[in-house]
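This report refers to the structure that appears directly beneath it.
Everything quoted here is computed from the prediction, not taken from an experiment. In what follows, every heavy atom counts, from backbone to side chain, and hydrogens, waters and symmetry copies are set aside.
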Amino acid sequence: MYIGIDVGTSTVKAAAFDAEGRELKVAARPVRLRMRGGTVEQDMDEVYGAVVAVLEEVGGEAVELAGLTGQGDGVWLLDRAGRPVRSAVSWMDGRAAELVDRWLADGTFETVFRRTGSAMFPGCPGPLLAWLDSHDPKSLDAATAAVYCKDMVFQRLTGAPRATTDVSDASMPFLDPRTRAYDNRVVELLGLTHRRGLLAPVSDPVATGEARGEGLPAGTRLSNGPYDLAACALGAGVTAPGDGLLIVGTCLASLVATTDLDLTGEPAGLYISTDRPGHWLRAMPAMVGTAALDWVLSTTRIAHDEVDALLADTPPGANGVHVLPYFAPSGERAPFVEPRLRAELTGVSLESTPADLVRATCEGIGYAARHCLEAAGLTGSLAVCGGGTRSPAWMRLLADVLGRPLRVVEGEVGARGAVLAAAERYGVALDTGAWTRPTAVVEPAPGRAAYYAKGYDDHLARLDAARARARG
């Protein structure tokens, strides 16, 4: 049996697989997000306790190996013993937005992107560490390492003497993707040279260790990484240059495998370094996603299981209703950075129906996904995973809006990728083709795809106008 652990933002999961990649059992535990005044934090002990609980539920005595992945970004401060110094600051946190605005204005933001391929956003480690250095220096003084979610879990599961991270998590914003080492000039630009020692050493390839017996049987082989975006790419079989993955979750994440490092163009997204030097994932992790649809459904008091029927009740174009689905309080981060951008609903009248609002929102999310995938350089096949794949009607709509077939990969894709990464690290031969086989392929309808191609041009024009208004 093989176990994949995926420490998500709001849910911690563990999945058990057999040698052919079939899911045997999945366990999940919710974890809380403490939101207040634009800040978002998590209790590390609660997160770790959830990991142990799900492992105890799915585990057994015969665990061949386990792979670990989890949410990226944020700041997880640990002391020398690997214990929390303070609550973890989530990637969703917005407290450093003014810093990012300042760096956008003075050129620091662009300079960092040209050096590392990372377009900073408020919830990534650079801005958050700089904010903490100004507003909570005692926490930084007490810490010996600023790590990421999976790194905290790995150290506690294995008892590793020091915290480390991997090249995927380290990619934003300090890692030079060419040397696979921290760029000290970037550290200096962000005013963090005196905190340089907090950056966790990068294990390249990912660190391995043996479980101490909490959740996993003592001695179980465990590997640490990559983080969830890169793990999902592995779990969906996206490794060939040009192939892409769209994760339809709370946020959209568009990933395209590439061997080309292009640090020109509009600064946005990031290059995620992978275990293979010279291979990256060009990532456009947007803030928009199923959270936008969730807001519309809760506001209109529509249940999720009604979505498929409602999508059938209104035609493409939603009877003139249009949604720019940028609902996040921190604006958007990919394929452009616009912290003050907000959602817009237009074309709504007394004749508009709930079905119109739902379809227009799904179409808007689809257009945003197309924008991200184009910016990331998609030229090959496209896999799709995440909670949104549970709606067949939405998958058909998404194929039409994107104008291309979708390889739908269901189940615990991140956990699956974590296992494949662990197998590679330990030299365990697994049939990656069987492990990453799609559950369905959804083809676009030519007529609707042509309609949405024109709709996409209209979406981009509306978005340009909205971005101009956001800048004042």
Side-chain angles (χ1 to χ4, degrees), residues 9 71-74 90-94 96-97 100-101 103-104 109-110 112-114 116-127 168-169 171-173 175 177 227-230 232-233 238 244-258 261-273 280-292 324-343 364-378 382 384-386 388 398 401-402 456 459-460 463-464 466-467 470-471:
T9 303
Q71 56 176 298
D73 294 305
S90 168
W91 63 270
M92 298 174 66
D93 194 277
V100 175
D101 283 344
W103 291 336
L104 279 164
F109 177 92
E110 182 170 351
V112 170
F113 179 82
R114 302 299 176 210
T116 69
S118 297
M120 293 182 292
F121 66 99
C124 78
S168 69
D169 248 335
S171 295
M172 170 70 84
L175 193 77
Y227 87 101
D228 58 3
L229 295 186
C232 283
V238 176
L245 172 66
L246 177 65
I247 305 172
V248 187
T250 302
C251 298
L252 288 177
S254 301
L255 310 169
V256 175
T258 184
L261 188 66
D262 181 5
L263 304 183
T264 63
E266 180 172 4
L270 73 154
Y271 280 89
I272 301 175
S273 293
W280 299 273
L281 291 168
R282 182 67 172 111
M284 292 291 175
M287 298 301 291
V288 65
T290 59
L324 290 177
Y326 305 99
F327 286 84
S330 54
E332 189 49 275
R333 61 178 178 174
F336 53 85
V337 175
E338 207 70 74
R340 304 190 185 281
L341 183 65
R342 295 296 180 268
I365 294 170
Y367 290 138
R370 182 167 178 166
H371 196 184
C372 287
L373 288 164
E374 287 187 356
L378 177 67
L382 178 63
V384 59
C385 67
L398 194 58
V401 172
L402 297 176
Y456 177 59
H459 168 85
L460 294 179
L463 176 58
D464 286 344
R467 291 182 65 184
R471 297 189 203 109

* salt bridge (Lys or Arg N to Asp or Glu O under 4.0 Å) evaluation trace for Arg340 with Asp101 -> CA-CA 10 Å; Arg340 304 190 185 281; Asp101 283 344; 2.8 Å; yes
Strictly distance-based, threshold 3.5 Å: is any side-chain N or O of [X] a donor or acceptor partner for the main-chain N or O of [Y]?
| X | Y | value |
| --- | --- | --- |
| Ser168 | Tyr227 | yes |
| Arg333 | Pro285 | yes |
| Tyr456 | Gly366 | no |
| Thr258 | Trp280 | no |

* Sequence-distant partners of Thr9, side chain to side chain donor-acceptor pair (under 3.5 Å), two or more places apart -> Trp91
* **By side chain to side chain donor-acceptor pair (under 3.5 Å) - contacts of Glu332 (at least two apart)** => none
* **Aromatic ring pairing His371/Phe336, orientation class (parallel under 30°, perpendicular over 60°, tilted between)** => tilted
* For the residue pair Tyr326 and His459, categorise the inter-ring angle as parallel (less than 30°), tilted (30 to 60°) or perpendicular (more than 60°). => tilted
* If you count the non-hydrogen atoms of other residues, nucleotides and ligands that lie under 6.0 Å from CZ in Arg114, is the total more than 12? -> yes
* Structure fact -> On a heavy-atom basis, the closest approach of Val288 and Pro325 is CG2-O, 2.8 Å
* Closest approach of Met284 to Ala376 (non-hydrogen atoms, all atoms of both residues) -> CG-CB, 4.1 Å
* Asked: Taking the side chain as C-beta and beyond, is there a heavy-atom pair between Leu175 and Ser273 under 4.5 Å?
  -> yes
* Asked: Is there a side-chain contact between Leu246 and Leu398 (heavy atoms, below 4.5 Å)?
  -> yes
Please tabulate, for side-chain N and O atoms in residues 116-126, each donor-acceptor pair with protein atoms closer than 3.5 Å (sequence neighbours left out).
| unit_1 | atom_1 | unit_2 | atom_2 | d |
| --- | --- | --- | --- | --- |
| Thr116 | OG1 | Val112 | O | 3.1 |
| Thr116 | OG1 | Ser118 | N | 3.3 |
| Thr116 | OG1 | Ser118 | OG | 3.4 |
| Thr116 | OG1 | Pro173 | O | 3.3 |
| Ser118 | OG | Ser171 | O | 2.7 |

* Does NZ or CZ of Arg342 fall inside the cone over Phe327's six-membered ring, less than 6.0 Å from its centre and within 45° of the axis? -> no
